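All values reported here derive from a predicted model rather than from experimental measurement.
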Amino acid sequence: MVHFDAPDPDYPLPPLNEIPDDDADKPKEAYKLTTTLNGFPAIIFGTATFSRIYNEADHISGVTPLRAARLALRYGMNVFDTSPFYGDSEIILGNALQALEPEFPRDSYTLITKVGRYPTGFDYTPEAIESSIARSLRRLHTDYLDVVYLHDVEFVADEKLPRRGGNHVGALKEEREQYGLNEDQEGETYTDKDHKVLSAVKKLFELRDDRGVIKRVGISGFPLPTLLRLAILIQKRLGKPVDLVMSYCHLTLQNSTLEQFKSAFGPRAGVKQVITASPIAMALLRPSPLQAHPAPLEIREAAKRAAQLSEEWDASGTGLPDLALQYTFARAREIGVPVAVGLSTLEEVHASVKAWHEVDAEGLATKEEWVTRVKSVQDLFKDVQMLDYSWATP
């Protein structure tokens, strides 16, 4: 049972005129985002970074989150993704946006949050969802939420996967039946777990359609076949589709299978927008990845070799993550998918829009040297049969 009535920690901010606003806080005009994908900017600001999951207490309690959010808004990166699962992220983001209201009123940005998963566990009951939404509204200092995802649905639903790890593209072809994706299986529930998802989404539809506190409803998670099956199930059983689906780590140098799945969500499930997240694959594609990363050893070792290879391109150690970000942006631009990127600092905001500009305006993905680097990294995963491999959900 999740409790929503505990007092929130306080993260007071100094007056806005006491917060630095110097050259580092100003956008580079050439890099301002102009491309929109169904109303979304090319880059969505992921704020799991506004928590102790990814940063120290001094960082999140200071003014850097506000400055990073302000810079993003000045660049046109005006969509923020948060969640109650991300510790105090909603509180810190809400305080920052409230302080920035004179420059950026509420109608100038889009808020995405989630329900169902919390630091203490999962709760998909309608009562918990209503309480969670009320708390998010309070924390974010708003009377409506633009998008709400049911968070990490694979942990609650029946996954219906013939194997938990592997390349799942067969779910769109010869393995449709094993994944519950045959046309004659559409709308079929397999266990009471699926009913928990349906009940939760029904509550979100009610909050959207009857009470107007949510503008759009989505589901999020990792395994693409599970997300597709549930999106179809929701449309068949509830008579209306979810507006959005978000998956992560499936449009990266290591795994780009979202490209195959994306085209199925609209025709088969009525989904209007697919969003991808985590272009660095949960820090896999950094020189120092997470110790507890869920990827198999073969993937982690190949990523380590890719990081070593990238030192030949850039001794600073940014070569691999920069290439990973550019690759995701290039593919996302091609298939019309916004990218949620976790950002912590002014430098990271500047770097992300620079990477997008290189892809969008400078044609980076057509340059021979860049294409060669992409192939050399992907070949490392291919050599160990781990290119397009989706690891098992932890």
Side-chain angles (χ1 to χ4, degrees), residues 27 31-51 65-86 89-90 92-101 103-115 136-137 139-151 208 213-220 242-248 251 258 271-279 325 328-329 332-333 335-346 348-357 359-360:
Y31 295 166
K32 284 189 175 181
L33 299 178
T34 57
T35 303
T36 59
L37 305 169
N38 289 344
F40 286 91
I43 309 171
I44 294 171
F45 192 131
T47 67
T49 51
F50 291 2
S51 72
L66 180 148
R67 294 175 70 190
R70 180 176 61 190
L71 176 61
L73 287 164
R74 289 172 174 174
Y75 267 122
M77 192 191 305
N78 59 358
V79 179
F80 297 90
D81 180 295
T82 183
S83 170
F85 180 59
Y86 306 152
S89 170
E90 285 185 323
I92 292 162
L93 175 62
N95 289 351
L97 293 173
Q98 183 182 45
L100 293 171
E101 197 274 338
E103 184 175 355
F104 296 102
R106 175 65 182 90
D107 62 0
S108 68
Y109 57 83
T110 293
L111 285 174
I112 301 174
T113 193
K114 307 174 185 72
V115 294
S136 293
L137 291 169
R139 288 175 162 184
L140 292 163
H141 305 290
T142 184
D143 56 6
Y144 69 95
L145 298 164
D146 299 281
V147 177
V148 176
Y149 294 128
L150 190 60
H151 198 175
R208 181 192 67 183
V213 296
I214 297 172
K215 303 304 180 184
R216 284 175 281 186
V217 173
I219 57 174
S220 72
V242 290
D243 301 298
L244 309 96
V245 169
M246 190 274 283
S247 182
Y248 57 95
L251 196 61
L258 183 64
V271 175
K272 300 178 184 70
Q273 181 65 61
V274 175
I275 292 174
T276 188
S278 196
L325 191 60
T328 295
F329 285 163
R333 179 180 182 271
I335 64 174
V337 172
V339 183
V341 183
L343 302 168
S344 295
T345 65
L346 296 170
E348 289 175 357
V349 175
H350 284 300
S352 67
V353 294
K354 178 178 182 288
W356 172 259
H357 180 81
V359 167
D360 186 51

Heavy-atom donor-acceptor pair, [X] side chain to [Y] backbone, under 3.5 Å:
| X | Y | answer |
| --- | --- | --- |
| Arg106 | Tyr109 | yes |
| Asp243 | Arg216 | no |
| Glu348 | Ser344 | yes |
| Thr328 | Leu325 | no |
| Thr276 | Tyr248 | no |

Show, in sequence, the C-alpha distance, side-chain angles and deciding distance for Val242 and Val245, and conclude whether the side chain to side chain contact (heavy atoms under 4.5 Å, CB included) test is met. CA-CA 8 Å; Val242 290; Val245 169; 4.2 Å; yes
Within 6.0 angstrom of Lys272 NZ, more than 12 heavy atoms from elsewhere: yes
Of all the heavy-atom pairs spanning [X] and [Y], show the shortest one and how long it is.
| X | Y | result |
| --- | --- | --- |
| Pro41 | Pro338 | O-CB, 3.7 Å |
| His141 | Asn95 | NE2-OD1, 3.0 Å |
| Ile44 | Val79 | CG2-O, 3.6 Å |
| Met246 | Ala277 | SD-CB, 3.7 Å |
| Leu343 | Thr49 | O-OG1, 2.5 Å |

Would you call [X] and [Y] a side-chain contact if the rule is heavy atoms closer than 4.5 Å?
| X | Y | answer |
| --- | --- | --- |
| Phe329 | Val339 | yes |
| Pro279 | Val341 | yes |
| Ile275 | Tyr149 | yes |
| Val147 | Leu244 | yes |
| Thr110 | Asn78 | no |
| Phe45 | Val349 | yes |
| Leu111 | Thr82 | no |
| Tyr86 | Ile92 | no |

Are Phe50 and Phe80 near enough that their ring centres are under 6.0 Å apart? no
How about Tyr31 and His350: does a side-chain donor come under 3.5 Å of a side-chain acceptor? no
Is it true that the side chains of Glu90 and Ser136 contain a donor and an acceptor less than 3.5 Å apart? yes
Distance (rounded to the nearest 0.5 Å) between [X] [atom1] and [Y] [atom2]:
| X | Y | atom1 | atom2 | answer |
| --- | --- | --- | --- | --- |
| Gln98 | Leu93 | CD | CG | 11.5 Å |
| Ile112 | Leu145 | CD1 | CG | 10.5 Å |
| Arg67 | Leu100 | CZ | CG | 12.0 Å |
| Ser352 | Met77 | OG | CE | 3.5 Å |

Paired with Ser89, the side-chain hydrogen bond (donor to acceptor under 3.5 Å, both in side chains) test is passed by just one of Thr47, Thr113, Asp81, namely Thr47
Within 45 degrees of the axis of the six-membered ring of Phe85 and under 6.0 Å from its centre: does Lys114 put its NZ or CZ there? no
Run the side chain to side chain contact (heavy atoms under 4.5 Å, CB included) test on Leu73 and Tyr75 for me, step by step, so that the C-alpha distance in whole Å, both residues' side-chain angles and the decisive distance to 0.1 Å come before the verdict. CA-CA 5 Å; Leu73 287 164; Tyr75 267 122; over 6 Å; no
